[in-house]
Structures are given as structure tokens and as C-alpha cells.
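Beneath this line is the structure, given in C-alpha cells, with notes to follow.
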There are 2 protein chains.
Amino acid sequence: MPVSQQLILFVVTMCTACLSTTAAAEDALRERAKAAGLKAIPYGVQHVADNPVTREKIELGKMLFFDPRLSASGVISCNTCHNLGTGGDDNLPTSVGHGWQKGPRNSPTVLNAVFNKAQFWDGRAEDLKAQAKGPVQAGVEMANTPDAVVATLNSMPEYGERFARSFPGEDDPVTFGNMAKAIEAFEVTLVTPNAPFDQWLEGNDGALSDGQKAGLVLFLDKGCIACHNGVNFGGQDYFPFGLIKKPGADILPPADRGRFEVTKTATDEYVFRAAPLRNIALTAPYFHSGQVWDLPQAVAIMGTAQLGKELTPEEAGTIAEFLHSLTGEQPEVVYPVLPVETDATPRPRL
Amino acid sequence: MPVSQQLILFVVTMCTACLSTTAAAEDALRERAKAAGLKAIPYGVQHVADNPVTREKIELGKMLFFDPRLSASGVISCNTCHNLGTGGDDNLPTSVGHGWQKGPRNSPTVLNAVFNKAQFWDGRAEDLKAQAKGPVQAGVEMANTPDAVVATLNSMPEYGERFARSFPGEDDPVTFGNMAKAIEAFEVTLVTPNAPFDQWLEGNDGALSDGQKAGLVLFLDKGCIACHNGVNFGGQDYFPFGLIKKPGADILPPADRGRFEVTKTATDEYVFRAAPLRNIALTAPYFHSGQVWDLPQAVAIMGTAQLGKELTPEEAGTIAEFLHSLTGEQPEVVYPVLPVETDATPRPRL
């Protein structure tokens, strides 16, 4: 064999070996991610407790989700603060509600919320139907009452018919509780599958860029994975914000003691549910205080506060690059045509 | 022929004659409605001046219509006050805008607005693209500035790409004027064809109930038709509110002098554009002051104020029954997924 042919053979052999090594490394990283508890968003409608999810109920829930008449003013709907066009939140530090009041905490995304262990930053609602009752009644949000909501719904025959079909066999289907169940049924559909990360996790090596893979390695190596795991990269457990070092009062305002307000337990002071990171690139500003707009900056703050690690700007940027791979396919929602008001419909209370 | 057979023949003959008479009367009413200028909503996308309506532009316009980031606060979109789920308006006396301020006049529906001669209650915008620039800048509505809007749009690459495709060949496609043109292109699609009245006008005798046909006869006989004609049953010309007798100050507040504010002409005092009546059953409360919730009551007020005729409650109710036949097929709109903000996006100014 001439030298030139030997050289070609050598190069081909080396490249094949190199590719095998790369493929092996890719698989190893994939297995490591899975072993650490990261999961793709599952297909199909999730089961939720005590609430069969039917097409009728999903459609009713969609109407309720978009209906501003669930608020006292007739101005604010669920979608006002959980806007399905902007990542399922409102992209504000804290939401604006009834009378232009500002809410106490950043609005969490409704997307993939079904995969969270509990709802709200402090986990005070055990599921989506419990959560749905909160903002409707909160004085700084929709400022309504269950009785007024039921009166509003009962005033419109189409809602009556839709509740009856959504809750068959019930004598009195138009209730505040059933409103919340219908909204939960709709929210169960608000999942964002097929993010680049999910595609990669399922075997498509090319779905993540090299930078994103490097970010995943850092995400695992630095310890982010300890709190941000599972389908939602978080939302599963509670941790003190500032576990190692408390952030400044702008980011962690002293007056909001987090889960302590729920449990009245000293160890729950400044404890919050680990934020789910799905679609995080769509939902700035960050943290319960909504004071940080820049994702790499938020990552760096987490490193310092939770892990005691000063990430370099490059590291924080690389992790953020990985987090962009968690943006999935957004739900396609046909905007609902809502039932028409009648003389019996309570008037807006502005 | 036995008597019984003669009787049957007699009955059949009479019934046939009777049906012919009814059919003739139906056709006569139809011809009278057409002669009076009433028209069905036409099929197809309407041509608008100086703004080719392309699919690209419609889609961009839809995004802009639903994007709350066109407002200073990031809270209010076009759809907030022109809600496509509730007849293209907000079902409030007057709208709620920036800082929870109340607007001066009732929000008109965006549905079929393309068929109006001019926009706003006083016709101060010659078309939809001129109209679209108003609320974005109004301090009590979206409270934004053209420069800030352009900065917001330019900060999101997806908007840049969509403007470039919607306005091909332009060096600087992301402008406030082009924002308005794209919104106009979307609004051109917001028509509601095939209302029962339209189906009847096109020959389907059964599309209107007998009561609605009686209401149409009253609508023509009493003179409503004088101002409420054309495709939109109004929206074509200007008339003094209280032509014969001024309504009370709650319905016609003295401080709002209508078109006089536009033309500064004495004869335009308390002059308003005749309200288009399409989908009127969906858009209570009524009048520019938004103080009347009941449609028969609104009809009766019009009879007194504009025609000098005291309609009986039965007459007003029958006309209102006819007006319900103007509710057409509502647009089916897929809720848009909006471009993602960047570090360059101006922050909400609450």
C-alpha cells in the first residue's frame, strides 16, 4: 500500500473512532441527564384528581379562562396575567389587577403547570382547581366573589348548558367549584412538548447545539439539577431562597416570607417552590419578585444564593443557552366566542 | 264530485293561494329592504386604500392586535377593549385603560368596522389604519408613544422579520404607520357574515322568525332605516343625537359635544356617527355614553330622540327582536404566539 493510501486509511479510522467516541459521549450525557431525573414532556392529556378531563369540559374551561366577566370589573381574565401568547405569563415584575393594583409576586406561567407538585410560589394550592379559585377572589387580582361569579355564569344560558354537559348528572352544575374544575381541565392541555431538549433526550443528537450540551453539563455539574429536575425542571419541592447566601432585598424582599405564610413554620421562612424552568426564556422577569430581566444574570444569582458558587459570566451564559432549549411547542388555542350577557348578568363593578 | 271532495279541493286551492300571497309578501318585504339600502355582508376580503391586504400582513396584524406590549404598561392590547370573544367590544359603559382610567366614550365594536365610512363615534379617523394609531397613544388607553412602540417592535427580531415580509421592498419597514396598516389588514378580516337577516335577504324565507319580520317592517315603517342602512345598518353618516328631543344628561352628557370637537362647527354639536347595528345584541351597553344596557330600551330612546315617536314597549321589543337577527358568524381566530422579548425591549411603564 502506498504511503498516501495508508494515510487515508489512518484518517478514516481515526474519524470513525472519533465519531464513535462522540456518540458514546452523547449517549453518556443523555443517560446522565435521565439518571438525574430529567424527563421529556409526556404526550397525552394528564390525569388529574377528582376531575375527568373531557372535551366538553376543556372547551368550557377555555371560555372561562378567557372570560373577563369572572372578574368584578369585567376587565381581567385568567389570560390577562397568564397570557398564552407570551409564555403563559404577563412579562411584568408583578401583575396588574383590579384598580391597577400591583400583585405581591411575579405571575407564574400556566404552561405545564399540571406537572408541578403544587401551585403558587409557596405551593399553597394543592392542584390547578384549587389554584383557579384564588385569583378570582383576590382583591388585588380579579376582586370577585364566588356568589357573584355563579350569578354571572347562571345569567347566561349558554354557560348553563355547557356546565350541564361538562358535569353530567349533577343537579346544580353551575358552581364555583365546577368553574375551577373546568379551568383545570383546560389548563391540563396547556403543555409544551417537543422542546429541543426533549427531542435530544429522546435520541436526536442534533436537537441541541454544542453550546447547549455544554450548558447541560454545567447544569448537572454545578448542582442546578438538585432542585430543578423532573418533567418541569422544578416545581417539585421547596427550598429556602438564599440557602447559602441571601440575595439583596430587591430580589428577596424581607416582607415576603414565602412558604412561612402558609405553614407558619420557622424553617419555611423565605422558602419557595423551586421554579419550573420550562419555557423560562419566554417568561422574564425572574424570581417571585420579578426583579431580574436577564436570564444569565438570574442563573448567576442562583449560583451564588443556592449553590455558593460564583459562576463566571461565560458559565452563566452557557447554562442560559441550555435553558433556551426548554422552550417547547406552544399550545394552539382558538380564541373562544363567549356567551352573551343578559339582563340578569351582574354589571361590571369598577 | 262528492261534497267532501269539493271541500278538499276548495281548501287546497285556498291554501295554495294563501301560500302564494305569503310568498309574494315575503318577496315584497325583501325588495323593500333592499330598496331601502340594506345589504348583506359581502364575502371576501375588502379592499382598503393604500394597504394591500396580504396573508403575511393579516398574521402580523393579528399579533399586534393581541400584543399588550404596544401599551406603555405592557398590560393593555387592542383586544382588551375590542374583545373578539364578546362581540368585538368590552361590554363596559366606557373602557378601562392605563392606570385604570375610564375612557370618555363606549368602545365601538371592531367587527365589520371596515364597512364604516369613518372610525370613532365622531368619525375623526378616516379609516382603520388612522384609527389604530389613536388608542395606542391616548393617555387614558394604552398611553404609549410611536417611538416607544417602534423601539419595542424593533427589539424583537421576529417582529422585524414579519414587518419585512409584510412590507416588502421597504428600507425601514418597522414603523408606527406600518403597525397601523398591519392592524388594519387584520381588522379587515373581522367580519361576521351569514347573520339570519343576511340569509333571509338572500332568499331563505325561514331564516327570520315571524316576529323578526314584523320587527323589520317596524324598522322600515318607523324610520329607523333613515340613518341605519347599508351593509352595517349605520356607520355611514352623522346625525345629531336628540334630533327631535334631547335624551337626559346621563345618556347625552353635556360635556361631550361629539363631532363638534372635530369640526368646530356649531351644527356639529352633539352630532355622532349613526351607530352600526350589526351584532348589536352582543355589544351592550349602548350609546356613546354606554349608559343603557337593555336593547328594547335603547330602541325606545332612539324613537323618542331621533324620530319623535313614542314606541310602545311591544314595538320596541319587536324591533329589538329583529335586531337580534343581525348577529353574524363570529370570526374564528387562532390566538397568536407572540415574539419573545429581548434585553433591548423597553420595560413596562406602569
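Every chain is numbered from 1 and lettered A, B, ... according to where its sequence line falls, protein lines coming before strand lines.
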Is B/E59 salt-bridged to B/R55, cutoff N-O under 4.0 Å? no

Ranking B/R347, B/H98, B/Q330 by heavy-atom pairs under 4.5 Å to chain A gives rank one to B/R347

Without hydrogens or angle criteria, can the side chains of A/N91 and B/E341 be said to hold a donor-acceptor pair below 3.5 Å? yes

Which of the residues B/V337, B/I76, B/T345 is involved in the greatest number of heavy-atom pairs with chain A at under 4.5 angstrom? B/V337

Contact class of A/V340 relative to chain B, heavy atoms under 4.5 angstrom: side chain

Pick whichever of A/T86, A/T327, A/V334 has the most heavy-atom pairs under 4.5 Å with chain B. A/V334

Any carboxylate oxygen within less than 4.0 angstrom of a Lys/Arg side-chain nitrogen, looking at B/R278 and B/D198? yes

Toward chain B, the part of A/P68 with a non-hydrogen atom under 4.5 Å: side chain

Honestly, the part of B/D67 sitting under 4.5 Å from a heavy atom of chain A is neither

Among A/S73, A/A284, A/G85, A/P339, single out the residue with the greatest number of heavy-atom pairs under 4.5 Å to chain B. A/G85

Does the side chain of B/N279 come under 3.5 Å of the side chain of B/T192 through a donor N or O and an acceptor N or O? yes

Value for OG (B/S95) from CG (B/D90), rounded to nearest 0.5 Å, stands at 3.5 Å

Where on A/S77 is there a heavy atom nearer than 4.5 Å to chain B: the side chain, the backbone, both, or neither? neither

Hey, which of B/G74, B/P336, B/G99 has the most heavy atom pairs under 4.5 Å with chain A? B/G99

Could you label the plane-to-plane angle of the A/Y335 and B/Y335 rings as parallel, tilted or perpendicular, counting under 30° as parallel and over 60° as perpendicular? parallel

